[in-house]
There are 2 protein chains.
Amino acid sequence: METEDCRVREVLDKVGDKWSVSVIGVLGRETRRFSEVKRAIPGISQRMLTVTLRALERDGLVTRTVYATVPPRVDYALTALGLTLLDSAWPLMNWALDHVGEIDKARDAYDRQRPEVPPQQP
Amino acid sequence: METEDCRVREVLDKVGDKWSVSVIGVLGRETRRFSEVKRAIPGISQRMLTVTLRALERDGLVTRTVYATVPPRVDYALTALGLTLLDSAWPLMNWALDHVGEIDKARDAYDRQRPEVPPQQP
DNA sequence: CCGTATCCATCCGGATACTG
DNA sequence: CAGTATCCGGATGGATACGG
């Protein structure tokens, strides 16, 4: 947990960035079109979906298949590598699901003790 | 992977942010002083270590113990909750360690195919 | 030793508009 | 349908200086 650590962090950055995990989760085990992924992820903008998918493709985590049809169609899917990432990320995602409540409670307790810059009067 | 997803992402944000995982990893199973943690994480600034530790404390993941000695001394340790997070994060960290090489190769291949704005001449 | 305060460059990502 | 281009505000985080 020292030398190679920065490289690990670099990978964890991807996991932590705003949309990567959602995209990987949506792709899961099935191929999806651009618009399908977009619809499956509520808040995401067209731009950010493109950016995120490009980054994942660059890292060899998803494949991009373009069909020269009209209208155009582009399919995305996890690579074998992407699937192993999804599997490895599951424990953490489950942890998050299981403990969101505890974290919320801890935050509330913390914030109640330290009323951060609360009232009026300069 | 849809409704509660935003809450999960909120938690994953912490994991993905620049220093949290490193700090959690350094604390591991043992109590550490502020300066010890700082020394164990090469690039981190005093400010960011403080900010990161505060956030982790707020979320109930680490405890902060102040000793009224001279010079002052502050100990940090993972809570039980923090330990479960560390355990759940292990698979992902291992995945990162194991596949950094593959990712690098994928990137190189990708970049070679698409020489992004490479040469001179405006 | 362990912070907090301030300043400031950088990046991230949303909104919008336009193409093949 | 599936992008790309541009603009732009806000958050992020490093450097520095100071305080208990």
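Quick caveat: nothing in here was measured; it's all calculated off a predicted structure. Just so it is clear: chains get the letters A, B, ... in the order the sequence lines come, proteins before strands, and each one is counted from 1.
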With heavy-atom distances below 4.5 Å as the criterion, would you say the side chains of B/Ile41 and B/Trp19 are in contact?
yes

Margin query: Looking at B/Lys38 and B/Glu36, is there a salt bridge between them, counting it only when a charged N and a carboxylate O are closer than 4.0 Å?
Written below: no

Here the gap from B/Lys14 atom NZ to B/Leu56 atom CG, rounded to the nearest 0.5 Å, amounts to 6.0 Å

Determine the contact category for B/Tyr76: base if any of its heavy atoms lies under 4.0 Å from a base atom, sugar-phosphate if only primed atoms, P, OP1 or OP2 are that close, otherwise nothing. sugar-phosphate

The helix from C/dC1-D/dG20 to C/dG20-D/dC1: angle between terminal helix axes, five bp per end, to the nearest 10 degrees, reads 50°

Electrostatic pair B/Asp87:B/Arg29 at N-O distance under 4.0 angstrom:
yes

Checklist entry - Between B/Asp111 and B/Arg107, is there a salt bridge with N-O shorter than 4.0 Å? => result no

* Tell me, do A/Val15 and A/Met93 make a side-chain contact under 4.5 Å, heavy atoms counted? -> no

Can you tell me if B/Ser35 touches the phosphate of C/dC2, counting only side-chain N or O atoms and a distance under 4.0 Å to OP1 or OP2? yes

Per atom distances to the A/Trp19 side chain, the nearest of C/dC2, C/dT4, C/dG14 is C/dG14

Walk me through it: do A/Lys105 and A/Glu102 pass the test side-chain contact (heavy atoms from CB on, under 4.5 Å)? CA-CA 5 Å; A/Lys105 276 180 32 185; A/Glu102 284 181 71; 5.7 Å; no

Atom NZ of B/Lys18 and atom P of C/dC11 are separated, to the nearest Å, by 11 Å

DNA chain D: first to last nucleotide in contact with chain A (atom under 4.0 angstrom from a heavy atom), 5' to 3', is D/dC1 to D/dT6

To the nearest angstrom, the CD-P distance between A/Gln46 and C/dG14 comes to 13 Å

Here the distance between atom P of C/dG20 and atom CZ of A/Phe34, to the nearest Å, is 18 Å

By nearest-nucleotide position on DNA chain C, the 5'-leaning member of B/Arg47 and A/Val51 is B/Arg47

State, without any angle test, whether A/Asp17 and A/Ser20 hold a side-chain donor-acceptor pair at a distance under 3.5 Å. yes

When rounded to whole Å, the NZ to C1' distance for the pair A/Lys38 and C/dG14 reads 11 Å

Could you pull out all donor-acceptor pairs under 3.5 Å where a side-chain atom in residues 67-77 of chain A meets a protein atom, sequence neighbours excluded?
residue : atom : partner : partner atom : Å
A/Thr69 : OG1  : A/Pro71 : O            : 2.8
A/Arg73 : NE   : A/Asp75 : OD1          : 3.2
A/Arg73 : NH2  : A/Asp75 : OD2          : 3.4
A/Tyr76 : OH   : A/Arg64 : NE           : 3.1

